Amino acid sequence: MRGSVKFILYIIALSLGLLYVIQYNSGVGMDPSEEVTSAIKKIKLKKRDCKRHDSFAFIKTHKTGSSTMSNILLRFTETHGLNQLMGKYPSSTEYHNLLNHNYPPTPDGGPYHGFAMHAAYNYEFLREKLAPDAKFFTFIRHPVSRYISAFNFFGKSNVYDVDDFNHAVHLHLQKNAGYMKTTYRCTNCNFLIDNIATDLGFDFKAYFEAPNREAYFSSWLAVKDEQLEFVLLTEQFDLSLVLLARKMCWSLEDVAYLKSLESIRKPEVEEDIKAKILEVQRIDAGIYEYYNRTFWQHVAREEGIWEEVEELRRINAEMATKCIAGREKAGQLGAYQLVLTPFGKTNFTCKAMVSRVLVFGKLIQKRNEGLRDEEQGTNNGYLSLQDLYNVRYGES
């Protein structure tokens, strides 16, 4: 994904000087979320002629399907007996500062193989902690659909005394009309404006004060290009997972998933509002435009990849039939969670696929430390740690 300087500057000129048009599909973003089921066993997969790559750092970005991706990666490390880098009993999946956590040594004394939690981006720290051959990657999403999803999910409309979603968005954008014109600060913008850049460690103050913003952005993008092996697209979620599997020499079983926590309320947003959302996010738009191009360059080199996409979808459909009885409303977020079948309630893979990242992460920690949990019941409506632990390790 090494573009020429000329090409990068061309992209920057587009992103920072012009309001370019990017194909937008608001209906395809996803925020969902040893024992392999007979559904997967029945499917004959092509054996990859390569050696499985076990070390990775997944740089989580908000509202891009990253919770689903983290679930996939936690299952991958657990299934293959790998060491997951995570702080001791995190109170959430948000690591605001990686330096402020206690990281227990690995059970076997070996290196950490994977990292898949939300965190303030710290490349040097992760590079030091993980195995030397760890590959860094991330997901990004079109700035418009990601903003709308975040605005809806985090209840940003409640900040404004209006009932209409479009009106609330208009007021938020109006409040920040001076963003990157007179100030680099953004009011009530957590997870909203230019949040992909935020999650990738962008220095907004330095950019705002830079004598040549295009040059600053170009330099920053070149550094990210060196750090990230590849960048995947939420809009092409299944294709991205197959590309990941090929790059890492993983099987399709390794990246299978069940879509959960699907939003019930998907607001209709007016086209003029979408245009304003895009215009204010020149930094995220530049990131997306560049990595959208590199993504399709990767895909173009992968012969037969679309056949594997269909194969992955068949696996997911088979798993859903085996594991899922239906869905019910989850909490106050206007989202659905999945309900397990009788088979799914006794099958670790099914249970793991519908488990929230924090619960599953704690399962791995407990296993690593050789502890048992006395906790009973559920965790905020989701599967309890004890429930998962019992199925995996035969605890009574």
Side-chain angles (χ1 to χ4, degrees), residues 1-12 14-15 20 22-25 28-30 45-61 64-66 68-70 72-73 76 114 116 121 123 133-143 145-146 196-197 199-200 218 220-257 284-313 315-316:
M1 61 167 64
R2 306 293 180 256
S4 67
V5 173
K6 182 178 180 180
F7 173 74
I8 294 177
L9 289 176
Y10 172 70
I11 297 303
I12 305 313
L14 284 175
S15 62
Y20 55 81
I22 301 175
Q23 183 71 26
Y24 169 59
N25 185 338
V28 293
M30 295 185 183
L45 301 175
K46 301 180 183 68
K47 193 170 183 179
R48 302 199 189 282
D49 186 21
C50 53
K51 182 180 179 182
R52 192 185 73 215
H53 192 95
D54 288 337
S55 301
F56 63 85
F58 173 50
I59 310 306
K60 288 190 71 171
T61 50
T64 61
S66 61
T68 300
M69 189 69 242
S70 286
I72 290 171
L73 296 173
F76 175 83
Y121 185 63
Y123 177 80
D133 62 345
K135 292 186 178 183
F136 284 58
F137 70 97
T138 190
F139 264 91
I140 64 172
R141 182 176 179 180
H142 189 281
S145 66
R146 203 211 60 78
I196 294 295
D199 286 337
L200 294 180
S218 178
W220 178 85
L221 190 61
V223 171
K224 289 297 165 287
D225 219 22
E226 290 293 327
Q227 295 174 351
L228 299 170
E229 292 283 340
F230 39 91
V231 175
L232 307 173
L233 302 182
T234 303
E235 291 84 356
Q236 300 292 334
F237 199 75
D238 290 347
L239 177 59
S240 292
L241 291 179
V242 173
L243 183 62
L244 173 67
R246 286 183 167 213
K247 295 287 187 183
M248 303 292 282
C249 197
W250 295 354
S251 72
L252 294 184
E253 301 105 311
D254 289 327
V255 296
Y257 68 96
D284 268 13
I287 294 171
Y288 186 88
E289 171 70 3
Y290 177 68
Y291 283 115
N292 181 55
R293 289 176 183 268
T294 63
F295 175 81
W296 290 109
Q297 289 168 3
H298 280 294
V299 170
R301 293 191 288 266
E302 297 291 333
E303 183 179 355
I305 192 170
W306 290 104
E307 287 79 3
E308 286 200 45
V309 171
E310 291 306 311
E311 202 163 13
L312 174 62
R313 288 171 178 166
I315 292 174
N316 290 340

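Quick caveat: nothing in here was measured; it's all calculated off a predicted structure.
Rounded to the nearest 0.5 angstrom, Lys247 NZ and Ser240 OG are separated by 12.0 Å. To the nearest 0.5 Å, the span separating CD1 on Ile287 from CG on Leu221 amounts to 7.0 Å. Atom-to-atom distance recorded for Glu308:CD and Leu241:CG is 12.0 Å, nearest 0.5 angstrom. In this structure, the separation between CG on Leu200 and CH2 on Trp220 is 5.0 Å, given to the nearest 0.5 Å. Considering CZ of Phe237 and CE of Met69, their distance stands at 6.5 Å, rounded to 0.5 Å. Rounded to the nearest 0.5 angstrom, Thr294 OG1 and Phe230 CZ are separated by 11.5 Å.
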Q | Chi angles and distances behind the side chain to side chain contact (heavy atoms under 4.5 Å, CB included) call for Arg293, Glu289 | A | CA-CA 6 Å; Arg293 289 176 183 268; Glu289 171 70 3; 3.0 Å; yes

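Considering every non-hydrogen atom in both Ser70 and Ala116, the closest pair reads OG-O, 2.7 Å.
Counting heavy atoms from C-beta on, the side chains of Asp225 and Tyr291 come closer than 4.5 Å. Between Leu243 and Phe295 there is a side-chain heavy-atom pair separated by less than 4.5 Å. Between Lys224 and Tyr121 there is a side-chain heavy-atom pair separated by less than 4.5 Å. Val223 has its side chain out of reach of Tyr123: every pair of non-hydrogen atoms, C-beta onward, lies at least 4.5 Å apart. Leu233 has its side chain within reach of Ile140: a pair of non-hydrogen atoms, C-beta onward, lies under 4.5 Å apart. The side-chain heavy atoms of Leu252 and Val242, taken from C-beta on, include a pair separated by under 4.5 Å. Side chains of Glu235 and Ser145 form a contact here, defined as non-hydrogen atoms less than 4.5 Å apart. For the pair Thr234 and Thr61, the minimum side-chain heavy-atom distance is 4.5 Å or more.
Remark: side-chain polar atoms of Asp199 are not paired, donor with acceptor, to backbone N or O of Ile196 under 3.5 angstrom. A side-chain donor-acceptor contact under 3.5 Å links Ser251 to the backbone of Asp254. The closest donor-acceptor contact from the side chain of Ser55 to the backbone of Asp133 lies at 3.5 Å or more, if one exists at all. Panel note: side chain Asn316, backbone Ala256; no donor-acceptor pair is recorded below 3.5 Å.
Phe76 and Trp250 have parallel rings, their planes meeting at less than 30° on a 0 to 90° scale where 60° marks the start of perpendicular. Using a 30° and 60° split on the angle between ring planes, Trp296 and Trp306 fall in the parallel class, below 30°.
Salt-bridge check for Glu302 with Arg246: passed, with a basic side-chain N closer than 4.0 Å to an acidic carboxylate O.
Remark: aromatic rings of Phe136 and Phe56 are distant, center separation not under 6.0 Å.
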